[in-house]
A.B. asks: 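Pasting a structure below so you can have a look.
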Amino acid sequence: PSIGPPYQNSVLADTPLGFWPFDDQGLATVVARDISGNANEGTIFGNPTKGVAGPPGTRFSMQFFINQYVTGPDGGIPTTAPFTLEAWGKFEEVGTDQWVLGIFKNLFSMAVVVQSSTGKLFLVTDAGNSSTSTVALQFGVFNHFAVTVDGSGNAVFYVNGTPAGTTTITVPGSFGTTETGVVAMWQGFASSATIANVATYGTKLSAARIADHYAKAALSFTVTVPST
């Protein structure tokens, strides 16, 4: 039987390390709940706006303004390649780049940025790697996006369920254990960004799985009860 939103069910089928829908409704809470089953609750900083309408298949999201972000604990952060980072986001066309996903450990740092000039995803690491997706996000509406990285550092961008470019980054054998900046899902340098369904994985998801996640978002909430 299937109980719950099809998008969430599809994500959970791939055993994420952490899965933060950002649908937290308590105005006073500083905890972003993790529904992966791994109890990797995130910490909310700067009081982003909660209860904002979410992307397809999701009721709510959070709207982030400057210096507002969410951090995740060790257990929800990939510690080596392969890995995948995934989220939904709605971005405004503004004059500065918008940093939206990242891994920040003492031996490895990587950020996924939405470029203000093009709307494309930009991947940058502390080793000096940088690359841009071949497909742009659409400003003003929700987009699904992901970056997958294998053990050799081969990375693939995805936009709305479709491969959107490749690159190669330098990844160490271990990202380290010291949390100097932790993993952050944030928008800190522009007017606003609305984020939902951030997920991290300790595997490189296939193109078919990324496509399935995106496709399931178009389905409504379902409850399937077994026949008697």
Side-chain angles (χ1 to χ4, degrees), residues 7-21 34-40 42 70-89 99-114 120-135 143-186 195 197-216:
Y7 179 81
Q8 290 188 358
N9 290 340
S10 182
V11 169
L12 292 172
D14 290 314
T15 59
L17 299 174
F19 183 16
W20 303 272
D34 169 31
I35 63 172
S36 70
N38 297 320
N40 288 315
V70 176
T71 64
D74 277 346
I77 305 167
T79 57
T80 187
F83 64 87
T84 298
L85 303 180
E86 176 184 36
W88 284 81
W99 297 56
V100 291
L101 292 175
I103 295 173
F104 297 94
K105 305 277 277 189
N106 62 316
L107 298 181
F108 176 72
S109 296
M110 187 192 82
V112 181
V113 183
V114 177
K120 294 181 178 180
L121 297 175
F122 183 71
L123 186 66
V124 60
T125 75
D126 58 353
N129 309 124
S130 62
S131 185
T132 306
S133 67
T134 57
V135 177
N143 299 263
H144 176 261
F145 57 95
V147 175
T148 66
V149 180
D150 69 14
S152 299
N154 299 305
V156 182
F157 294 99
Y158 290 87
V159 174
N160 293 332
T162 302
T166 62
T167 189
T168 301
I169 64 173
T170 302
V171 290
S174 170
F175 297 165
T177 57
T178 303
E179 292 297 335
T180 55
V182 298
V183 65
M185 297 73 72
W186 86 97
I195 309 294
N197 292 327
V198 172
T200 60
Y201 307 82
T203 58
K204 180 181 180 180
L205 295 188
S206 68
R209 292 307 304 151
I210 297 288
D212 187 73
H213 293 186
Y214 178 69
K216 290 299 193 298

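The structure presented is a predicted model; accordingly, all values stated were derived computationally and were not measured.
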A.B. asks: Under a plain distance cut-off of 3.5 Å, with no hydrogens placed, do Y201 and E86 share a side-chain donor-acceptor pair?
C.D. replies: yes

A.B. asks: Less than 4.0 Å between a side-chain N and a carboxylate O, is that true for D126 and K105?
C.D. replies: no

A.B. asks: Distance from Y7 atom OH to H213 atom NE2, nearest 0.5 Å?
C.D. replies: 6.5 Å

A.B. asks: If the test is side chain to side chain contact (heavy atoms under 4.5 Å, CB included), which one of T203, I77, V147, I103 qualifies with F83?
C.D. replies: I103

A.B. asks: Is there a donor-acceptor contact under 3.5 Å from the side chain of N40 to the main chain of G75?
C.D. replies: yes

A.B. asks: Are the side chains of V135 and F157 in touch, meaning some heavy atoms are under 4.5 Å apart?
C.D. replies: no

A.B. asks: Got W20 and V70 here, is their nearest side-chain heavy-atom distance under 4.5 Å?
C.D. replies: no

A.B. asks: S152 and N154: side-chain donor and acceptor closer than 3.5 Å?
C.D. replies: no

A.B. asks: What distance do T162 atom OG1 and H144 atom NE2 have between them, rounded to the nearest 0.5 Å?
C.D. replies: 10.5 Å

A.B. asks: Would you check if the side chain of N38 reaches a backbone N or O of L17 as a donor-acceptor pair within less than 3.5 Å?
C.D. replies: yes

A.B. asks: Using the six-membered ring wherever Trp is involved, compare the ring planes of F175 and F108 and label them parallel, tilted or perpendicular (cut-offs 30° and 60°).
C.D. replies: parallel

A.B. asks: When you measure from the side chain of T84 to the backbone of L205, do you find a donor-acceptor pair of N or O atoms at a distance under 3.5 Å?
C.D. replies: yes

A.B. asks: Output the distance between atom CG (D14) and atom CG (N9), rounded to the nearest 0.5 Å.
C.D. replies: 11.5 Å

A.B. asks: Can you tell me how far apart CD1 (I35) and CD (Q8) are? Round to the nearest 0.5 Å.
C.D. replies: 3.5 Å

